[in-house]
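In what follows, a single structure is set out as structure tokens and then discussed.
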There are 2 protein chains.
Amino acid sequence: MDTATKKAGRRPGQNKTKAKIIVAAEALFTKEGFDHTTIRSIAKHAEVDPALVMHYFGSKQELFIEAMAPSQQMPRKIAQELTRGDPETMGFRLATLFVCMLEARSTGHVVVNVLKAAVRIPGAAALLKTILVRPILKAFKESTFDHAELRATLAQSQLVGIVLTRYIIKIEPLASLPSNELIECIAPTLQRYLTGNLNGNRKEIL
Amino acid sequence: MDTATKKAGRRPGQNKTKAKIIVAAEALFTKEGFDHTTIRSIAKHAEVDPALVMHYFGSKQELFIEAMAPSQQMPRKIAQELTRGDPETMGFRLATLFVCMLEARSTGHVVVNVLKAAVRIPGAAALLKTILVRPILKAFKESTFDHAELRATLAQSQLVGIVLTRYIIKIEPLASLPSNELIECIAPTLQRYLTGNLNGNRKEIL
DNA sequence: TAATATATTCAACGACGTTGAATTATCGAG
DNA sequence: CTCGATAATTCAACGTCGTTGAATATATTA
């Protein structure tokens with residue numbers, strides 16, 4: 001009685017308007033951030049009623065998550081670039097990829113706004129994990145290092161710290177430091193988190 | 001004509017009510033954060049009219065900054081503890097102080113909520129600098145290391161990254177890692193930022 | 001007392017996210 | 001084709017928020 005008994009009623013369309021809403025939402029969220037983007041402005045850009053946005057997405061937060069979801073494709077490249085290559089240069093490569101991603105207008109704004117939202121919206125926090133933690137972790141599962149998850153999250157902590165201080169709060173002189181010098185500064189930290197020994201001076205414990 | 005010509009009119013009182021508002025604001029902001037704390041709830045706790053809060057503080061953001069301002073006294077201890085002691089153990093001491101500060105209920109909540117607000121409110125970002133960057137920088141000015149500001153902000157970036165991933169977004173396993181192990185993990189990073197050479201493998205350039 | 005400055009209150013504005021009912025359009029079943 | 005069910009879309013409104021401006025009360029000095 002699943003496919004046999006066909007109910008009457010209008011079938012769900014291809015939802016061209018739903019796509020229009022997502023496009024408008026992605027553009028506005030990326031440019032203005034979560035707070036300064038309003039459901040009403042999204043509706044206006046998509047030429048629909050604000051209530052229609054709610055009908056399709058339930059809430060502003062869910063719309064934000066759906067609109068920023070395409071950014072989940074970014075980590076694929078990161079994971080690929082990380083996997084191939086000498087494990088001893090992994091930190092440098094990760095630092096380079098990450099900084100380049102942030103310097104690029106589009107991807108940079110997405111990461112910044114997802115991070116800004118992550119401090120208040122649990123769904124955005126989950127999205128941030130998907131974008132940043134997963135690729136690092138994925139590149140790890142293949143190699144044989146202990147405490148893979150811990151290493152990945154430690155690297156993550158340094159990376160989000162850079163996003164926060166350099167690209168959001170903009171603390172000098174870190175905010176104006178040339179990209180290549182920044183990479184030089186954080187690469188050894190990432191390298192140690194990824195493949196070094198994690199416990200301070202004492203060797204081989206933990 | 002400054003002290004001589006006394007103008008008429010009611011003199012500004014000791015503002016017992018203004019103090020009551022600040023007390024209520026500090027309590028609510030610390031417990032509920034910036035977003036979930038409303039001007040109206042602060043006014044209710046202080047038993048005054050919401051408009052009076054605006055009259056004294058101008059805006060919710062300014063009130064937040066004034067209410068969180070006492071936290072500026074925290075860095076003094078940090079700076080003092082950092083200054084005395086072997087520079088070679090500075091990273092470990094900074095990590096220990098910082099983690100302890102965050103594990104303590106009161107101070108931890110303050111730092112977390114100031115950081116949450118800093119991504120949206122410029123004044124809160126400035127307050128965060130005062131709490132975290134200044135003491136490290138101050139402890140530096142006495143010693144003779146190059147690029148003091150850059151070193152301080154690099155350490156800052158790792159510290160706020162820990163706040164974000166461990167205490168706000170709560171990414172595992174970093175969120176559940178015992179304090180002492182966390183300290184062991186980040187201490188070498190801080191140590192290198194503070195007193196090590198900043199450019200990756202190449203020696204003595206930059 | 002009269003004038004002036006402060007302390008406090010009241011009512012309202014405009015914007016926001018969200019809701020529920022109403023309307024219109026599209027489909028399958030008889 | 002007609003009918004009824006379902007989807008698409010709109011409209012008007014609610015409740016809350018930060019904020020404002022006028023109004024009232026109170027204290028102080030000339």
Side-chain angles (χ1 to χ4, degrees), chain A residues 1-25 28-29 32-67 116-117 120-124, chain B residues 1-25 28-29 32-67 116-117 120-124:
Chain A
M1 58 176 117
D2 286 329
T3 54
T5 20
K6 295 192 174 182
K7 296 284 188 65
R10 180 177 181 171
R11 324 309 298 273
Q14 320 96 308
N15 275 331
K16 209 192 76 176
T17 57
K18 183 172 179 177
K20 275 207 308 179
I21 294 174
I22 287 237
V23 168
L28 289 176
F29 278 137
E32 312 282 353
F34 182 83
D35 292 318
H36 296 77
T37 299
T38 168
I39 290 275
R40 287 171 153 93
S41 72
I42 294 173
K44 186 166 292 181
H45 270 73
E47 294 170 311
V48 295
D49 192 273
L52 193 60
V53 179
M54 303 300 298
H55 172 255
Y56 277 129
F57 299 95
S59 71
K60 184 183 178 184
Q61 299 193 3
E62 295 177 59
L63 172 57
F64 178 81
I65 294 166
E66 282 207 43
K116 279 186 180 179
R120 308 190 299 146
I121 307 170
Chain B
M1 59 175 118
D2 285 331
T3 52
T5 21
K6 293 194 175 180
K7 298 284 187 67
R10 177 177 183 170
R11 324 308 298 273
Q14 321 96 305
N15 275 330
K16 208 192 76 177
T17 58
K18 184 172 178 177
K20 274 207 308 181
I21 294 174
I22 286 238
V23 168
L28 288 175
F29 278 136
E32 311 281 353
F34 182 83
D35 291 317
H36 296 76
T37 299
T38 167
I39 290 277
R40 288 172 152 91
S41 72
I42 293 173
K44 187 165 292 182
H45 270 72
E47 293 169 312
V48 295
D49 191 273
L52 193 59
V53 179
M54 303 300 296
H55 172 254
Y56 277 129
F57 299 95
S59 70
K60 184 183 177 183
Q61 299 193 4
E62 295 177 59
L63 173 55
F64 178 80
I65 294 166
E66 283 206 43
K116 279 187 181 179
R120 307 191 299 146
I121 308 169

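Proteins come first, then strands; the chains are lettered A, B, ... in the order of their sequence lines, and each starts at number 1.
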- Query: Hey, what do you get for CZ (B:Phe29) to CD1 (B:Ile42), rounding to the nearest 0.5 Å?
  - Reply: 4.0 Å
Atom-pair distance ([atom1] on [X]; [atom2] on [N]), nearest Å:
X: A:Arg40; N: C:dT19; atom1: CZ; atom2: C1'; answer: 12 Å
X: B:Lys20; N: C:dA7; atom1: NZ; atom2: C1'; answer: 13 Å
X: A:Met54; N: C:dG20; atom1: CE; atom2: P; answer: 11 Å
X: B:Lys16; N: D:dT26; atom1: NZ; atom2: P; answer: 16 Å
X: A:Asp49; N: C:dT23; atom1: CG; atom2: P; answer: 15 Å
X: A:Asp35; N: D:dC17; atom1: CG; atom2: C1'; answer: 14 Å
X: B:Phe57; N: C:dT8; atom1: CZ; atom2: P; answer: 12 Å
X: A:Leu52; N: C:dT23; atom1: CG; atom2: C1'; answer: 14 Å

- Query: Between the main-chain N or O of A:Thr17 and the side-chain N or O of A:Asn15, is there a donor-acceptor pair closer than 3.5 Å?
  - Reply: no
- B:His45 side-chain N/O to B:Ser41 backbone N/O, donor-acceptor pair under 3.5 Å: yes
- Task: Could you tell me whether A:Ser41 contacts a base, only the sugar-phosphate backbone, or nothing, with contacts defined as non-hydrogen atoms closer than 4.0 Å?
- Result: nothing
- Message: What's B:Tyr56 touching, base or sugar-phosphate or nothing? Going by heavy atoms closer than 4.0 Å.
- Response: sugar-phosphate
- Task: State plainly whether the residues B:Arg120 and B:Asp35 are in salt-bridge range, i.e. N to O under 4.0 Å.
- Result: yes
- With a cut-off of under 6.0 Å to the ring centre and 45° to the axis, is B:Lys60 in cation-pi contact with B:Phe34? yes
Counting side-chain heavy atoms from CB outward, which of [options] is closest to [X]?
X: B:Lys60; options: D:dT19, C:dT9, C:dG20; answer: D:dT19
X: A:Thr17; options: C:dG17, D:dT9, D:dT19; answer: D:dT9
X: B:Pro50; options: D:dT19, C:dG17, D:dT10; answer: D:dT19
X: A:Asn15; options: D:dA8, D:dG18, C:dT8; answer: D:dA8

- Task: Considering just the side-chain nitrogens and oxygens of A:Thr38, establish if one lies under 4.0 Å of OP1 or OP2 belonging to C:dA15.
- Result: no
